[in-house]
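Below is one structure, written out as structure tokens; the observations come after it.
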Amino acid sequence: DIAKKLLTLAIVNQRGQVLLGLKKRGFGEGYYNGFGGKVEVGETIEGAARRELQEEAGIVAGSILKQGVLTFHFDDKPQPWEVHVFNILDYSGEPCETDEMSPQWFSHGEIPFDKMWKDDEIWYPHFLAGDLFKGEFYFCNTHHLDSYNFGIVPEL
Ligand code: 6U4
Ligand code: NA
Ligand code: NA
């Protein structure tokens with residue numbers, strides 16, 4: 001589909017803490033974020049979420065639940081990005097630093113929203129509450145959030 005770019009975002013939420021990574025390179029460098037990336041040809045979205053989590057955090061996902069679909073529109077990019085957000089309910093292995101990400105646990109009250117994408121403070125509370133959600137976010141100059149529509153939904 002040339003009309004939009006599909007990406008994944010995986011967040012482990014366990015024992016009152018979320019696992020985020022400090023992104024070391026590429027898009028969103030210097031921000032804390034979940035783990036994820038572009039869906040490749042021939043891959044399912046969930047398969048891509050599992051692969052990216054393994055590549056970037058070094059852990060293997062067990063059961064996972066899709067909780068959100070977020071569409072990002074950029075005034076400086078041709079295609080919107082459709083990001084599928086997964087809650088990683090269990091995993092095996094130990095999170096480790098990779099070329100792309102340096103993993104760190106944060107308690108729910110200490111999520112570093114000042115070092116994250118601007119949309120995150122809008123939807124993380126719903127993610128943490130277990131809601132299913134959809135949103136459209138409009139960015140200008142890549143980083144400035146101009147406007148958005150967001151809501152919880154009965155199903156995705
Ligand atoms: P390569 O080309 O392999 O380095 P890849 O890992 O495929 O890249 P990447 O890291 O550029 O893709 O993907 C961007 C990641 O950032 C995805 O996990 C989605 C996530 N993301 C993008 N915009 C976001 C936003 N506004 N808020 C957010 N996550 C966002 O929380
Ligand atoms: Na990535
Ligand atoms: Na990647």
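Keep in mind that the numbers below use all heavy atoms, side chains included, and drop hydrogens, waters and symmetry copies. Source: prediction; values computed, not measured. Just follow the structure's listing: the first ligand is 1, and inside any ligand the first atom is 1.
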Note to self: Looking only at distances, can you tell me whether any N or O atom of D119, backbone or side chain, sits closer than 3.5 Å to an N or O atom of ligand 1?
What the structure shows: yes

Notebook entry, point to check: Can E82 and K5 be counted as an ion pair, charged N to O under 4.0 angstrom?
Noted result: no

Next item on the list: Number the atoms of ligand 1 from 1 as they appear, then name those within less than 4.0 Å of a heavy atom of K23, with their elements.
Entry: 10 (O)

Note to self: Quick check: T8 and ligand 1, any N/O pair under 3.5 Å apart?
What the structure shows: yes

Margin query: Is the distance between the ring centroids of W117 and F27 under 6.0 Å?
Written below: yes

Item checked: Pairing of E29 and K24 as salt bridge, 4.0 angstrom limit -> no

Notebook entry, point to check: Which is closest to atom 2 (O) of ligand 1 by heavy-atom distance: H143, K38, K118?
Noted result: K38

Notebook entry, point to check: Under 4.0 Å from ligand 1, counting heavy atoms only, is it the side chain of W123, its backbone, both or neither?
Noted result: side chain

Margin query: What's the separation between atom CD1 in I122 and atom OH in Y124, rounded to the nearest 0.5 Å?
Written below: 12.5 Å

Next item on the list: Would you check if the Na ion (ligand 2) lies under 3.0 Å from any N, O or S atom of E100?
Entry: yes

Next item on the list: Report, in ascending order of atom number, the atoms of ligand 1 lying under 4.0 Å from any heavy atom of L9.
Entry: 18 (O), 29 (N), 31 (O)

Next item on the list: For the pair K66 and E46, find out whether any cationic side-chain nitrogen is under 4.0 Å from an anionic carboxylate oxygen.
Entry: no

Margin query: With a cut-off of 3.0 Å, does E55 put an N/O/S atom close enough to the Na ion (ligand 2)?
Written below: no

Next item on the list: Answer with side chain, backbone, both or neither: which part of E52 has a heavy atom less than 4.0 angstrom from an atom of ligand 1?
Entry: side chain

Checklist line | Residue D120 vicinity, atoms of ligand 1 by number, heavy atom under 4.0 Å | finding: 27 (N), 28 (C), 31 (O)

Next item on the list: State whether R51 and E40 are salt-bridged, where the test is any N-O pair (Lys NZ or Arg NE/NH1/NH2 against Asp/Glu carboxylate O) under 4.0 Å.
Entry: yes

Next item on the list: List every atom of ligand 1 that sits less than 4.0 Å from any heavy atom of L7, numbering the atoms from 1 in the order shown and giving each element.
Entry: 13 (O), 14 (C)

Check: Can you tell me if E55 has a non-hydrogen atom under 4.0 Å from ligand 1?
Finding: no

Note to self: Closer than 3.0 Å to the Na ion (ligand 2): does that hold for any N, O or S atom in G36?
What the structure shows: yes

Margin query: Heavy-atom pairs closer than 4.0 Å: do any link ligand 1 to the side chain of E56, the backbone, both, or neither?
Written below: side chain

Notebook entry, point to check: So, does E110 use its side chain to make a donor-acceptor pair with the main chain of S107 at under 3.5 Å?
Noted result: no

Check: Side chain, backbone, both or neither: which part of F137 comes within less than 4.0 Å of ligand 1 when only heavy atoms are counted?
Finding: neither

Next item on the list: Looking at E56, pick out the N, O or S atom nearest to the Na ion (ligand 2) and give its name.
Entry: OE2

Check: Are F133 and H126 close enough that their ring centers fall under 6.0 Å?
Finding: no

Next item on the list: Of the side chain and backbone of N33, name the one, both, or neither that has a heavy atom under 4.0 Å from an atom of ligand 1.
Entry: side chain

Notebook entry, point to check: Can you list the steps and then say if H144 with F74 is a ring-ring contact (aromatic ring centres under 6.0 Å, His included)?
Noted result: CA-CA 9 Å; H144 177 76; F74 299 96; over 10 Å; no

Margin query: Ring-plane angle category for F127 and W123, please: parallel below 30°, perpendicular beyond 60°, tilted otherwise.
Written below: perpendicular

Notebook entry, point to check: So, E136 and Y148: side-chain donor and acceptor under 3.5 Å apart, yes or no?
Noted result: no

